[in-house]
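Report on the following structure.
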Amino acid sequence: MPATANHRRRKSSSLSRGFIAASAGGAALVLPVIGATAASAAPAKSVTAAVAKTVAPAAAPAKGIAAAPKAAPSIYSVVTGDTLYKIAAGHPLSGGWQQLYQDNRAVIGADPGLIRPGLKLTIGAKAESTAVESKPAASSAAPAAAQPVTYTNNLDGWIKESLAVMAKHGIPGSYDGIHRNIMRESSGNPRAINNWDSNAAKGTPSKGLLQVIDPTFKAYHVPGTSMDSYDPVANITAACNYAAAKYGSIDNVFGAY
């Protein structure tokens with residue numbers, strides 16, 4: 001009987017324990033049995049890559065394009081030789097000389113042909129009257145009726161009356177422009193007549209203060225004035241209406257027209 005010897009069983013490492021076992025049939029591969037608590041390996045630490053996020057800076061809010069500011073009203077000082085038509089033509093004013101007059105009526109007064117050098121006109125807005133209005137005292141008396149405007153029966157009065165009619169009909173012209181042309185055409189004689197020029201040869205002599213032939217007078221006659229071409233106010237107004245249609249204004253006439 002062979003001698004027996006005590007052999008100390010070497011403790012197999014955890015990596016090799018149970019891999020090889022002796023069996024009646026021979027060696028067999030045995031998978032190690034791992035406890036439930038060790039069934040899953042410790043999870044690997046996830047490595048999170050730091051991704052730098054480039055955040056676009058918030059765009060500054062676009063400022064809205066502001067509307068072009070409206071041109072501020074300007075003050076114009078009248079000089080010698082000025083007319084409302086001439087002033088309006090020299091400024092970007094909608095409505096022409098009529099609008100300029102309406103905006104400054106409180107300053108100019110009832111006659112658009114009378115603008116004095118040094119007068120301050122507001123261009124682009126309605127002017128405020130510079131007159132200081134006093135508060136009327138309480139009274140039981142009825143207010144006095146407005147007195148009608150009267151004109152002198154001479155060249156000065158005829159021109160002023162004609163300008164008032166022209167203003168109502170939107171016909172441009174100034175006192176100076178009318179007076180200058182009257183003195184050249186008739187020397188201020190409302191009964192003047194030209195019997196020697198080409199018009200006279202055709203049977204239509206020029207008549208009146210501004211030497212208008214009858215066909216022109218009838219074509220440019222302004223309602224509210226006399227149908228007599230010798231009538232001073234009717235003659236002036238019709239001539240200025242014709243000059244406005246052909247030259248823009250009687251102020252633009254410096255010779256025979």
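- With sequence neighbours excluded, the residues forming a side-chain contact (heavy atoms from CB on, under 4.5 Å) with Ala167 are Pro112, listed by chain and number.
- Listed by first then second residue, pairs satisfying ring pair (Phe, Tyr, Trp, His ring centres under 6.0 Å) with a partner in residues 213-233 read Phe217-His221, Tyr220-Tyr242, not counting sequence neighbours.
- Under the side chain to side chain donor-acceptor pair (under 3.5 Å) criterion, Tyr85 pairs with no residue, sequence neighbours left out.
- Side chain of Thr225 to main chain of Val222: a donor-acceptor pair is present (N/O by atom type, distance under 3.5 Å, no hydrogens or angles).
- Under 3.5 Å, the side chains of Asp251 and Ser174 contain a donor-acceptor pair of N or O atoms.
- Applying the side-chain contact (heavy atoms from CB on, under 4.5 Å) rule to Ala192 yields the partners Ser186, Asn189, Gln211; only residues at least two apart in sequence or on another chain are considered.
- With sequence neighbours excluded, no residue forms a side chain to side chain donor-acceptor pair (under 3.5 Å) with Ser198.
- The list of salt bridge (charged side-chain N to carboxylate O under 4.0 Å, His left out) pairs with a residue in residues 154-181, not counting sequence neighbours, reads Asp156-Lys160.
- A search for side chain to side chain donor-acceptor pair (under 3.5 Å) contacts involving Gln102 returns nothing, not counting sequence neighbours.
- Arg184 pairs by the side-chain contact (heavy atoms from CB on, under 4.5 Å) definition with Asn181, Val253, Tyr257, not counting sequence neighbours.
- Pairs of residues two or more places apart, or lying in two chains, never qualify as ring pair (Phe, Tyr, Trp, His ring centres under 6.0 Å) while including a residue from residues 154-206.
- The side chain to side chain donor-acceptor pair (under 3.5 Å) check on Ser77 picks up Lys120, with sequence neighbours excluded.
- For Ala89, the side-chain contact (heavy atoms from CB on, under 4.5 Å) criterion is met by no residue, not counting sequence neighbours.
- Every pair passing salt bridge (charged side-chain N to carboxylate O under 4.0 Å, His left out) that includes a residue from residues 202-217 is listed here, sequence neighbours excluded: Lys207-Asp214.
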